[in-house]
**Q** 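Before anything else, here's the structure in question.
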2 protein chains.
Amino acid sequence: MNQDKEIIGVKEIARRANVSIATVDRVIHNRTGVSVKTRNKINAIIQELDYQPNILASRLASKKTIHLAILIPSASDETQFWQAPLRGIRRAESEIKQYGVHIDTYFFDLNDKESFRKQARAILDKKVNGVLLSPSFVEECTEFIKSCNQKSIPYVFIDSTIPHQNNLSYIGPHLFQSGYLGAQLLTYGLKGNSHKLLIVNISKEVDNFNYPQIEEGFRSFFQERGDSNAIVRIDIRQTGYASVREELSKALQQHPDVDALFVTNSRVSSVARFLESQSLHDTLLIGYDYLPDNIEYLKKGTIDFLICHKPEEQGYRGVMALYQTLVFSASVEKEYFMPIDIVTRGNYEYYRN
Amino acid sequence: MNQDKEIIGVKEIARRANVSIATVDRVIHNRTGVSVKTRNKINAIIQELDYQPNILASRLASKKTIHLAILIPSASDETQFWQAPLRGIRRAESEIKQYGVHIDTYFFDLNDKESFRKQARAILDKKVNGVLLSPSFVEECTEFIKSCNQKSIPYVFIDSTIPHQNNLSYIGPHLFQSGYLGAQLLTYGLKGNSHKLLIVNISKEVDNFNYPQIEEGFRSFFQERGDSNAIVRIDIRQTGYASVREELSKALQQHPDVDALFVTNSRVSSVARFLESQSLHDTLLIGYDYLPDNIEYLKKGTIDFLICHKPEEQGYRGVMALYQTLVFSASVEKEYFMPIDIVTRGNYEYYRN
DNA sequence: TTCAGCTTCGGGTACGTACCCGAAAATTCG
DNA sequence: CGAATTTTCGGGTACGTACCCGAAGCTGAA
């Protein structure tokens, strides 16, 4: 009804401060060449008027383009997980490329630490204004971000994190809580409180921050309740199906009375395949990520629940976080935890990554 | 690495066509005053160069503002549900108001059809370029959108829909599937397949498209499985707690062996309150929406699951859909189904509406 | 032929901000 | 005290598009 407040711009600020537009501009961009007195006066007016710069005009007038580098694992046959963050990154790119943002993507091999190092070096060789990366290898990554710190290049972690670093933001799951939820879902499906549960960890990496946190959350749920469940854990270091089958066979021979399995990552489809081959239809199975293979077993009922942390949105938000800080100097939450989504047969059709 | 194609603009088109920028502009906007010959020549060049207008410059130079009207229920004490869509609308507004979009919000009372009519008329009296509305009252809404059709004003439905209308888009849940999921979650928590289930519908409205769809989905799950559950349904037409208590008491006296309750909307907290007062802690309870009252009972374990359709995002997307079509003539999906989210004690902390 | 009326088109300014360049004022130094 | 710096500031142009205004050119009627 009422047209609220007039939109005001640098011109109005300049008029009120009795200075030129150029001076106001200098203050806004924290450039040098303004006396303290003038600067304060202008800042006061900006505060008072709650000035919001016109992004359109700003980006239009600015000639410089912003260069962002992305450093993530390539999506392999083994797990297509990283396709999703990449989709989110592409989506962000197409939204902001007309605003003068350019994105270069660098992939590394999750089985090859050296490839990470190499790509990291390649990024440092180019002039880059910000980096979005998955800190998959702790040591190599620490080295890389040391250089970024020196050059004052902001960087954002997605999917996993390294604690106590100078990263602009971490965008990803709260893994402890995610494991906790997995335990709750299993419990809900199992009557009584003395069961045998199997945690399955299929991964080449040993020195990883992630899985321990998930497992901790998982166990803590039962501790809180004082349940007398027996929880067994197995590690499978070779990710191919053959080795998964072998290790699982062994484990189930040793513990034939397992009621439920909890797989700590997206390779749950391998486990589902095994369970199906053994006609173990009543065993509960929970794992991670909205991947085609997993969804197939979800549909059939072999997998009961998938937990998912919106990987596509992680990519999207990661890029946007860099964009926001670099273009608007906007502040960003240091830790942005993704929702812990539950995907099941009844809602997978409408799930959005 | 390589700087792809040069970005070309109207200036370049004008140069190639040997005309002025103004003429190119006329062609782009289908304005009159250009000879057929010139028009064709320019169009050919636009095609050839795959010209993409610079949105920044375009919006900056254009003086006209777009007026959007929002027509949604006011958030009452009874249910704060509509606060969430409103938040999303405000968020969208703050993003695009600098692009020359103005939003006016009109609230109506869910207990008063006349208030809907009145606000609808108010909207039609003003010059409006697009409308976002919740079609809560079928008859009144049908009348309203008839006028919109006549005036060629695009309109978007959120949260619920009226089938076979000329709406630009529907943004909201797939209700059938949502009820289906509710049934699946109950089943997962109940061993065996012969239980007594109670569907609770607390609402003043009778002629509503929504609840029947949810119930249909709910029942269809058990039909598929061939379960022999007994499903009872009660309708509570007064939404205050007193009447909820009374009706539920009656129902539970008649059916003392109820194992689980499914509440078809956000008033599940009233039911939880009743169950708690009766110390019925083992009865499963599922309902809708991420509201403070509901979350309290979720934490305590009285409510087992809440199903949620991202109401905030519905508001946000609704506004953006109108913006996209009106500003960029972008096409929009006629039906955009929201995810059917499962909120429970283990993940409510990180849920995002 | 002249002039009114119409069609077709180009010049030029504006949108709000970024930033170059040079001028004026303040400061330092010999 | 004058000159050389340095600091502080304003004018003005550019970004790519929208759109006003008026100038040609053309048509047809008197």
Side-chain angles (χ1 to χ4, degrees), chain A residues 5-43 45-46 49-66 96-101 129 326-329, chain B residues 5-43 45-46 49-66 96-102 326-329:
Chain A
K5 63 216 169 194
E6 288 297 305
I7 282 177
I8 53 105
V10 282
K11 210 188 314 186
E12 174 65 11
I13 297 173
R15 200 186 57 75
R16 296 204 190 198
N18 265 325
V19 295
S20 75
I21 293 177
T23 301
V24 174
D25 189 68
R26 276 184 273 262
V27 172
I28 288 173
H29 292 88
N30 279 316
R31 264 182 263 121
T32 59
V34 185
S35 68
V36 179
K37 214 176 91 188
T38 313
R39 184 178 293 273
N40 288 339
K41 183 164 65 173
I42 293 177
N43 270 325
I45 296 176
I46 289 178
L49 268 53
D50 186 31
Y51 165 71
Q52 303 285 99
N54 184 319
I55 309 169
L56 275 64
S58 171
R59 291 308 303 167
L60 181 62
S62 169
K63 318 150 184 319
K64 63 163 72 97
T65 58
I66 288 173
I96 59 178
K97 75 175 164 204
Q98 55 189 329
Y99 294 61
V101 179
N129 305 102
L326 290 170
V327 175
F328 311 124
S329 324
Chain B
K5 61 209 168 196
E6 287 296 306
I7 283 176
I8 54 104
V10 282
K11 208 187 316 187
E12 174 66 12
I13 296 173
R15 201 186 56 75
R16 296 204 191 198
N18 264 326
V19 296
S20 75
I21 293 178
T23 302
V24 174
D25 189 69
R26 275 184 273 263
V27 172
I28 289 173
H29 293 88
N30 277 318
R31 264 183 265 119
T32 58
V34 185
S35 69
V36 179
K37 212 176 94 188
T38 314
R39 184 177 293 274
N40 287 340
K41 184 165 62 172
I42 294 177
N43 270 325
I45 295 176
I46 289 178
L49 266 53
D50 186 32
Y51 164 70
Q52 302 286 97
N54 183 319
I55 306 167
L56 274 64
S58 171
R59 290 304 304 164
L60 182 63
S62 169
K63 320 154 180 317
K64 62 165 72 98
T65 59
I66 288 173
I96 60 178
K97 75 176 164 203
Q98 54 191 324
Y99 294 60
V101 179
H102 185 82
L326 290 170
V327 175
F328 310 125
S329 323

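In what follows, chains carry the letters A, B, and so on, assigned in the order in which the sequence lines appear, proteins first and then strands, with residues in each chain numbered from 1. Just so we're clear, the structure is a prediction, and the values are computed from it rather than from any experiment.
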**Q** Return the set of residues passing side chain to side chain donor-acceptor pair (under 3.5 Å) with A:Q52 (not counting sequence neighbours), or none when no residue passes.
**A** none
**Q** Where do N or O atoms of nucleotides 7-9 of chain C meet protein N or O atoms at under 3.5 Å, pair by pair?
**A**
| from | atom 1 | to | atom 2 | distance (Å) |
| --- | --- | --- | --- | --- |
| C:dC9 | OP1 | B:S35 | OG | 3.3 |
| C:dC9 | OP1 | B:T38 | OG1 | 2.6 |
| C:dC9 | OP2 | B:S35 | N | 2.7 |
| C:dC9 | OP2 | B:S35 | OG | 3.3 |
| C:dC9 | OP2 | B:T38 | OG1 | 3.4 |

**Q** Tell me every residue that passes side chain to side chain donor-acceptor pair (under 3.5 Å) with B:T65, counting only those two or more places apart in sequence or in another chain.
**A** B:H67
**Q** Excluding sequence neighbours, so at least two apart, what forms side chain to side chain contact (heavy atoms under 4.5 Å, CB included) with B:T38?
**A** B:V19, B:T23, B:V34, B:S35, B:I42
**Q** Report the end-to-end axis angle of the helix from C:dT1-D:dA30 to C:dG30-D:dC1; each axis comes from five terminal pairs, and the value is rounded to 10°.
**A** 60°
**Q** Quick one: list whatever passes side chain to side chain donor-acceptor pair (under 3.5 Å) with B:Y99, sequence neighbours left out.
**A** A:Y99
**Q** Restricting to side chain to side chain contact (heavy atoms under 4.5 Å, CB included), what partner residues turn up for A:A57, sequence neighbours left out?
**A** A:N54, B:L60
**Q** Got a sec, which residues hit side chain to side chain contact (heavy atoms under 4.5 Å, CB included) with A:I21, two or more places apart in sequence or on another chain?
**A** A:V10, A:K11, A:A14
**Q** With side-chain contact (heavy atoms from CB on, under 4.5 Å) as the test, pick out the partner of A:V27 among A:N40, A:N43, A:I13.
**A** A:N43
**Q** Tell me which pairs pass salt bridge (charged side-chain N to carboxylate O under 4.0 Å, His left out) where either residue lies in residues 26-40 of chain B, with sequence neighbours left out.
**A** B:D25-B:R31
**Q** Would you compute the distance between atom NE2 of A:H29 and atom OG of A:S62 and round it to the nearest 0.5 angstrom?
**A** 7.5 Å
**Q** Quick one: pull up CZ in B:R16 and CD1 in B:I46 and give me the separation to the nearest 0.5 Å.
**A** 12.0 Å
**Q** Pull out every protein N or O sitting under 3.5 Å from an N or O of nucleotides 15-19 of chain D, one pair per line with the distance.
**A**
| from | atom 1 | to | atom 2 | distance (Å) |
| --- | --- | --- | --- | --- |
| D:dC15 | O2 | A:A61 | N | 3.4 |
| D:dG16 | N2 | B:A57 | O | 3.4 |
| D:dT17 | OP1 | B:Y51 | OH | 2.6 |
| D:dT17 | OP1 | B:N54 | N | 3.3 |
| D:dT17 | OP2 | B:V10 | N | 2.8 |
| D:dA18 | OP1 | B:H29 | NE2 | 2.8 |
| D:dA18 | OP1 | B:S58 | OG | 3.1 |
| D:dA18 | OP2 | B:D25 | OD1 | 2.5 |
| D:dC19 | OP1 | B:K64 | NZ | 3.4 |
| D:dC19 | OP2 | B:R31 | NH2 | 3.4 |

